[in-house]
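Proteins get letters first, then strands, A, B, ... in listed order; numbering begins at 1 in each.
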Amino acid sequence: MVHTEELNVIDDAEAAKKRALKSGWSARRAMLAEFWFYFSENKGAVIGLVVFVALVLVALFAPLLAPHSPTIQNRDALLLPPFWQEGGNAAYILGTDAVGRDMLSRLIYGSRFSLFIGVIVVSVALTGGILIGLIAGFFRGWVDIVIMRVMDVILAFPSLLLALVLVAILGPGLVNAMIAIALVLQPHFVRLTRASVLSEKSKDYVVSARVAGAGPVRLMVKTILPNCLAPLIVQATLSFSTAILDAAALGFLGMGAQPPTPEWGTMLAEAREFILRAWWVVTFPGLAILVTVLAINLVGDGLRDALDPKLKRS
Amino acid sequence: MSTIIEARNLSRFYEVRRGLFAEPATVRALSEASFRVTQGTTLAVVGESGCGKSTLARLLTMIEPPSGGELVIDGKKLGATGHADLKALRKTVQIVFQDPYGSLNPRQKIGAILEEPLKINTDMPSRERREKAFDMLIKVGLRPEHYGRYPHMFSGGQRQRIAIARALMLDPKILILDEPVSALDVSIQAQILNILADLQEELGLTYIFISHDLSVVRFVADEVMVMYLGRPVEFAPVEAVFESPQHPYTVALLSATPVADPRRKRQNIKLEGELPSPINPPSGCPFHPRCRYARDKCSDIRPELTLHGQTLVACHGIEEGWIDYAAEPPPPGAALSGERAGTTPQAPDAAVRAPEPGSPV
C-alpha cells in the first residue's frame, strides 16, 4: 500500500510538471484525465461504474426493454418459473409472480424507482446537510452547539427504526419514505461538511478573501464550499446505496412504496409467502437490490480513492 | 512625508478556556503597542515566535478588532468607523501571507483569484478586470497566459508573486507582509524582495514587513520595531538597530543571526529559558527573567519607551545608563553563553528559571 502511494506521489509530481506546460481548457481536461487515472486503478470501481451505467440505461429505456407491462396480471400464467426450468415459458424469461405479472418487466421498471429514490433522497440530504453544516462550521458558537446536538440525537437512533417511526407518523408511501430516509441520512452530511469547513476556514486563503472584503455568504459558498466537496461526493455516493437499501427495507415492511408499485423491496414483501414454493419471486428482486447497492458502493470507494487522498484506502 | 499608520496603546487580548472548571484566562497577545509609520517606508517588525507580530498584522488588516487602544490608518480612525469606512479601509490595507501554498484557493484559477477583490469592492466591468489582472501578472513577473491556470501548477515563488499581485489589485496604500519570504528558497527570496522593492518605488507603497530573519530585515527595512511578549521594546531606524542595538533583547536577537564569514568570532548570547507565557507575563519589564543585566527595579516597574539617541527603547538599564555595551569587555565567544556574566547578582535566582513547561503560548 505504502509503496503504491509513493509511486502515486512521483506520478503526481510528473503529472503536475506536464500539466504546467498546458493551460486553460486543456488543464481541466488534464485534471479529468488524472481523476480517471486514479479511478481506473480500482478495478472494482470500474466494474461498479459499468453496472451502474447499465442500470441507468435500463431505467431510462424501461418501456422499450420490458417485454410486458409491469402491472398487467396474466391469469393463465400464475407463478410460472423462469424459462429454463420445467414448466417455464420463454415469454416470461424470469417467470411470473403470484398474480401473473412478468418478473423481468417488474424488475426493469423497479430500477426506475430505486434510482429515483436514490437521487431524490441524496439531493435532499446533501442540500440540507451542506447548508446546515456550513452554518454550523462557519459561525461556531451556540449555533454550532445546537445544530450538532440535534444531529447527535438523530444519530443516536438506529436509522431504520427512526425512518420507520417517521413513516408511521407521516403515513406509508414512497414519498414519505423518501423524506424519512433523507432526514435520517442528513446528520452524516452535516457532520462531514462541518468538519471540512472547520479545517478549511482557518487557512490563509479564507483570511485573504476576508481581507479582500468578502462577506460571510461569499466566504461560505464561494471560498470554502468548493474545497469541502470531495468527501461530500463520496458520502453522497455511499448514501445513494443506503437510501435504496432503506427504501427497500421500508417497502418490505409495508411502509414504503405500496403495491402494485414494482418497487424491489415491496416486491420482496409480496413474495414472502411463496418463498418455499417459488424461489424466483423472492430471489430476483433481492439480487437486483444486492447488485445495485454493491455497484454503487464500489463506485463510491473508487471515488474516494481518486478524489480524496486524505481518506485513501481506509 | 506624512504618517499613514498611527497606533496608540494598541492591544489585543484573547480569552482562552483552560478546562471545564478553570477560570478563563486572558492571553495578552499584543499590549500597548504605540508606533507611527511614514508613508512610502518600510517598517519591519521582528521578534521570536509568539511575540505578537502576527496579531499586529491581523489588527492592521482589520481581520480582528483591537481590544484596546487606537489605530489610525490613512487618517481614518478605526473602531469609531462605520461600515462604509471599513470598506474603504479594506482597500487601503492588504496582506501577503507567509505560506504561499495555503494562501491561494486551490479551486480557483489565478484569474479568479486576482479578480475577486475587484469583484467584491468595485463595479468594474469584467473586461477591465481581466485587463487589470493581466497587467498585474506582468508587474509581478508572471505571464498573461498564467491567468487560466490553477495554483497547484505553480512553484512556491510563483505563488508568492500571485499573492502579491492579488494584494495589489485594489491599489492599496499599505501592504502587510507577514513573513513573505520565510517559506521560500534563498535564491527565490531575493527575487521576491526585489519585486517588492520595485513595487514600493513604483506605487509608493508602505510596507509592514513582519519577519524573524534579520538579514532580510536589514535589506528591506527603513525602520525596525523589535517586539517581545506583545510589547515593542525597541523602535529605531534600521542602521541604528544594526549598528548600535540598545535593548538587551535586541542585542541577543542580533547575536543569533548567522553571519557568512567563517573568520568572524561569533558573540553568541544565549538567552536562558523560554518565552514566558503571555497569559501570565512577568511583572515589570517583560524581559527581566531572561535578561543578564536585570536589577531589582526591572522586576518591579515596567519601563516605557524613551528616546535614546535615534532609538526608542524600553529599558531601565539604557535609560539610567547602567547598561553600557561599549564599556564591557567583548564577550569571549561561546564561553559567555549561558553565563550571566556576574553583572546582576541582585536578580533573584528564581526569576531566571524557565516558566512552567507546557504553558500555552
Side-chain angles (χ1 to χ4, degrees), chain A residues 9 11-35 140-141 145 196-197 199-233 307-310, chain B residues 54 57-58 60-64 83 86-91 93-122 143-155 158-159 163 166-167 169-170 172 175-176 178 183:
Chain A
V9 170
D11 279 345
D12 207 25
E14 285 292 306
K17 268 183 210 159
K18 272 183 202 149
R19 267 184 278 111
L21 295 173
K22 305 172 188 169
S23 70
W25 186 72
S26 64
R28 181 154 290 183
R29 219 174 48 177
M31 270 170 80
L32 262 178
E34 188 197 342
F35 165 76
R140 300 302 306 275
I145 293 171
S196 332
V197 169
S199 72
E200 292 297 323
K201 201 184 142 195
S202 59
K203 294 203 176 145
D204 281 345
Y205 71 85
V206 180
V207 180
S208 68
R210 229 159 77 193
V211 174
V217 174
R218 191 189 176 88
L219 279 179
M220 279 195 280
V221 178
K222 283 213 148 175
T223 313
I224 297 179
L225 185 59
N227 290 291
C228 300
L229 282 183
L232 284 172
I233 291 171
L307 283 181
D308 200 342
K310 277 175 284 183
Chain B
S54 292
R58 294 177 79 86
L60 289 174
T61 44
M62 289 156 281
I63 299 168
E64 286 175 10
H83 187 74
L86 200 67
K87 207 166 178 183
L89 278 179
R90 281 251 150 82
K91 287 198 220 174
V93 188
Q94 286 291 314
I95 186 167
V96 175
F97 290 98
Q98 170 178 14
D99 177 15
Y101 291 88
S103 64
L104 302 177
N105 189 341
R107 299 278 161 144
Q108 272 183 326
K109 287 182 183 172
I110 303 309
I113 290 174
L114 292 182
E115 286 178 21
E116 193 174 33
L118 293 177
K119 229 183 222 170
I120 297 169
N121 289 295
T122 64
R143 292 193 303 276
E145 64 254 37
H146 292 143
Y147 181 88
R149 296 186 191 172
Y150 285 94
H152 70 263
M153 302 170 175
F154 293 94
S155 68
Q158 284 174 316
R159 282 171 187 233
R166 172 183 55 192
M169 284 303 279
L170 284 171
L175 211 53
I176 314 288
D178 190 354

What pair of heavy atoms forms the shortest contact from F97(B) to V207(A), and how long is it?
CZ-CG1, 3.5 Å
Of all the heavy-atom pairs spanning Y150(B) and P106(B), show the shortest one and how long it is.
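Nearest heavy atoms, Y150(B) then P106(B): CD2-O, 3.8 Å.
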With a 4.5 angstrom heavy-atom cut-off, could you sort out which part of [X] is near chain A: side chain, backbone, both or neither?
X	answer
V96(B)	neither
I63(B)	both
N105(B)	both

If the condition is salt bridge (charged side-chain N to carboxylate O under 4.0 Å, His left out), which residues does R58(B) pass it with, not counting sequence neighbours?
E64(B)
Partner chain B: residue of S208(A), G213(A), G215(A), A209(A) with the largest heavy-atom pair count (under 4.5 Å)
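Result: the option with the highest number of such pairs is S208(A).
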Heavy atoms only, distances under 4.5 angstrom: which of Q108(B), K119(B), R107(B) has the most pairs with chain A? Name it, please.
R107(B)
Can you run down the salt bridge (Lys or Arg N to Asp or Glu O under 4.0 Å) pairs that involve residues 206-222 of chain A, sequence neighbours left out, and say none if there aren't any?
R218(A)-E116(B)
Verify ring pair (Phe, Tyr, Trp, His ring centres under 6.0 Å) between Y101(B) and H152(B), making sure each step is shown before the conclusion.
CA-CA 8 Å; Y101(B) 291 88; H152(B) 70 263; over 10 Å; no
